[in-house]
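The structure appears below as structure tokens.
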Amino acid sequence: MPLSFRTRIFAASLTVAAAALALATLIIAWELRREERAVIEQRLRDQTRLIAELLSQGTAAGAGLDAEADRLAELLDARLTLIASDGRVVGDSTADDGALAALENHSDRPEVQQAGTREAAVVARYSTTVEADLLYAAVRTTHPQVAYVRVALPLTTVAEQVRRVGINALLAFALAAPVAVALAWLSSWLLSRRLQAIAGVARQYSAGDLARPSYDYGDDELGTVARVLDASVQELGRRLEEISRDRARMEAILSGMVEGVLVLDRQGRVQLVNRAAQTMLQVDHAAVGRRYLEVVRHPDISAQLTAALGGGQAEPRELPLGASGTRTFVARAAPVAGPNGGAVLVLHDITDLRRADQIRRDFVANVSHELRTPLTAIRGYVEALSEEPPDPALARRFVDVIARHTARMERLVADLLRLARLDARQERLDVTTCDVEQIFTAVQADLAGAIDAKRQQVALSIAADARVVRADSAKLRDVVGNLVENAVNYSPEGAALRLEAVRRDGAVDLVVSDSGPGIPPADLTRVFERFYRVDRSRSHPGGTGLGLAIVRQLVELHGGSVRAENRPEGGARFTVTLPA
């Protein structure tokens with residue numbers, strides 16, 4: 001298990017404190033030992049000089065010198081040796097009178113030799129006399145029989161005194177160690193607390209909350225680093241916020257575009273694909289990050305992107321796309337300037353433009369045909385009348401034909417003008433509460449001649465909750481009139497027609513049913529197109545082929561819908577759904 005930061009700080013602080021305390025203890029102990037040794041040596045020097053001074057003023061001589069040495073050594077608690085000028089020992093606290101003669105000559109002793117040139121000499125060496133390490137101090141004296149006074153102290157005594165100093169130092173270390181531990185723990189706790197506060201601010205930032213904290217980081221280096229990092233995070237947060245706003249704005253723009261947009265980096269990986277491009281290319285958002293050759297399956301688009309990534313300009317291509325390939329798009333790929341490079345593909349859906357162009361061409365052709373037919377008939381009958389005057393009965397029949405075709409042309413032009421006004425949204429609604437039964441009755445009366453001529457029967461069925469509807473009365477009458485006229489024209493003689501009004505799902509349905517041949521299934525979705533007729537020969541009597549197109553426009557102007565279907569028992573059914 002990894003150690004926590006606080007534990008590591010505590011251990012490091014404790015180690016540093018212990019090392020410093022141990023080093024300080026060693027230095028102090030060494031210094032105290034050195035000082036203690038110096039004090040002992042100085043005391044020996046002082047004692048040696050004092051005895052030399054006492055001997056210079058005293059009268060002891062001969063055997064009395066040895067006794068004097070014993071007496072003074074007892075006072076000093078040290079070994080005292082009195083040496084003559086020739087090196088003979090004339091007095092020693094460790095030897096009696098009989099043993100003095102057996103002592104070696106001390107003229108060659110280092111302390112004696114050094115005492116000859118210095119005021120006092122101190123030497124530590126092994127003594128063959130007492131067979132122990134001693135610390136010697138020697139000094140010259142002016143006594144008639146004693147030339148040198150030497151005081152010796154066993155080094156064991158010196159070591160004992162120094163050992164006591166070491167013990168005291170170790171005791172001081174033992175007493176200071178708990179204090180060092182407490183200080184290390186306190187310093188680690190304070191530092192850990194500050195770091196935890198800084199970490200808490202960092203977690204707040206990582207959670208997305210970039211509000212400036214009220215925490216005081218302090219005035220030391222850690223506080224300076226924390227403030228610098230805090231300022232960096234604030235600046236980074238500000239820039240990220242700007243980037244987020246720009247990205248959201250860009251995504252909103254791209255999502256609202258009807259054009260498909262695909263952006264690649266210079267390695268050919270997809271960086272962005274908007275919703276329109278996903279639909280057009282049949283890809284999903286998972287395409288981001290993948291290479292375009294894995295995403296775009298259309299060879300022409302892949303070729304354009306390859307050329308754009310190479311820095312070239314590809315010509316726009318008109319391509320069929322979509323699940324069924326029935327929609328037409330223009331693909332344009334271009335390289336992206338700048339150090340990052342890349343390419344961008346824009347797809348324009350021109351299906352409606354192509355359809356509108358086709359409708360325009362069909363419209364021109366249909367209008368030309370619809371106008372050419374009556375004009376040809378009128379021209380033929382006019383020429384027949386102008387070549388030679390026919391008999392009055394024939395002339396009258398020619399005039400009737402001319403009048404009929406002229407009326408058809410007038411109706412065609414009127415329908416075309418009305419469709420133009422509906423397309424331009426120039427017709428306005430005068431919405432009132434309309435009585436459905438009155439609308440049905442008025443239409444039946446308008447078409448009574450045609451209905452009676454074919455001996456057809458019209459049945460009305462109006463539900464109690466569908467008797468009124470909010471609509472423009474005149475335009476609703478035109479809608480029902482066109483549907484009923486269409487039913488009359490395509491139903492055989494003696495057929496039954498049915499007009500119904502029902503309320504369904506909060507809306508009112510006006511239904512016109514006939515007993516005609518019905519509508520082929522392939523034509524059900526196209527019967528509301530302009531000039532589209534199920535009767536391909538166009539020989540069926542009746543309208544201009546614009547009636548159902550006008551119906552759809554008028555119903556959509558009311559916010560409703562219209563549909564055509566075949567009845568199971570035969571015939572067609574047209575249903576107009578109007579909001580209640």
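When a residue number appears, it is its place in the shown sequence, counting from 1. In this text the structure is predicted, and so the values were computed from the model without any measurement.
- Leu429 places a side-chain heavy atom less than 4.5 Å from the side chain of His558.
- Judged by distance alone, the side chain of Ser515 and the main-chain N or O of Ala496 form a donor-acceptor pair under 3.5 Å.
- Between the CG atom in Leu497 and the CD1 atom in Ile451 there is a gap of 6.5 Å [rounded to 0.5 Å].
- When all heavy atoms of Leu447 and Gly481 are compared, the pair lying nearest together is CD1-O, 3.9 Å.
- Shown here for Asp472 and Arg428, the closest heavy-atom pair between the two residues is OD2-O, 3.8 Å.
- Among Asn274, Leu272, Leu305, Val344, the single residue meeting the side-chain contact (heavy atoms from CB on, under 4.5 Å) criterion with Leu262 is Leu305.
- The heavy-atom pair separating Ala308 from Ala334 by the smallest distance is CB-C, 3.7 Å.
- Here the straight-line distance linking atom CD1 of Ile243 with atom CD of Glu241 works out to 11.0 Å at 0.5 Å rounding.
- Leu499 has its side chain out of reach of Val511: every pair of non-hydrogen atoms, C-beta onward, lies at least 4.5 Å apart.
- Here the side chain of Asp265 pairs a donor or acceptor atom with the backbone of Arg269 at under 3.5 angstrom.
- The pair Lys475-Asp478 does not count as a salt bridge, with every side-chain nitrogen at least 4.0 angstrom from each carboxylate oxygen.
- Residues Val443 and Arg477 have side chains in contact (heavy-atom distance under 4.5 Å, counting atoms from C-beta outward).
- In Gln457, the CD atom is not crowded: 12 or fewer heavy atoms of neighbouring residues, nucleotides or ligands sit closer than 6.0 Å.
- Surrounding CD of Glu437 are at most 12 heavy atoms belonging to other residues, nucleotides or ligands under 6.0 Å away.
- Taking OG of Ser302 as the reference point, atom CG of Leu293 lies at 5.5 Å (rounded to 0.5 Å).
- Between Leu510 and Phe440, some side-chain heavy-atom pair lies under the 4.5 Å cut-off.
- Side chains of Leu548 and Phe574 form a contact here, defined as non-hydrogen atoms less than 4.5 Å apart.
- Leu347 has its side chain within reach of Ile301: a pair of non-hydrogen atoms, C-beta onward, lies under 4.5 Å apart.
- From Glu565, atom CD reaches atom CG of Leu524 across 8.5 Å, with rounding to the nearest 0.5 Å.
- Only one option out of Glu500, Arg503, Arg504 pairs with Asp509 in a side-chain contact (heavy atoms from CB on, under 4.5 Å); it is Arg504.
- In summary, Arg239 and Glu242 do not engage in a salt bridge, as defined by a charged side-chain N under 4.0 Å from a carboxylate O.
- Pro492 approaches Gly516 most closely through the heavy-atom pair CD-CA, 4.1 Å.
- Side-chain contact between Asp300 and Gln304 is absent, with no heavy-atom pair separated by less than 4.5 Å.
- Nearest heavy atom pair, residue Pro579 against residue Val469, reads O-CG2, 4.4 Å.
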Between Val288 and Val273, does the side-chain contact (heavy atoms from CB on, under 4.5 Å) criterion hold? Intermediate values first, please. CA-CA 7 Å; Val288 175; Val273 53; 4.1 Å; yes
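- Annotation: the span from Leu554 atom CG to Asn482 atom CG amounts to 8.0 Å, rounded to 0.5 Å.
- What you find for Ser491 and Ala495 is that their closest heavy atoms are CB-CB, 3.9 Å.
- Separation of atoms CG (Asp514) and CZ (Arg498) is listed at 13.5 Å; rounding is to 0.5 Å.
- Between Asp505 and Thr577, every side-chain heavy-atom pair lies at or beyond the 4.5 Å cut-off.
- Arg470 and Thr433 share a side-chain donor-acceptor pair at under 3.5 Å.
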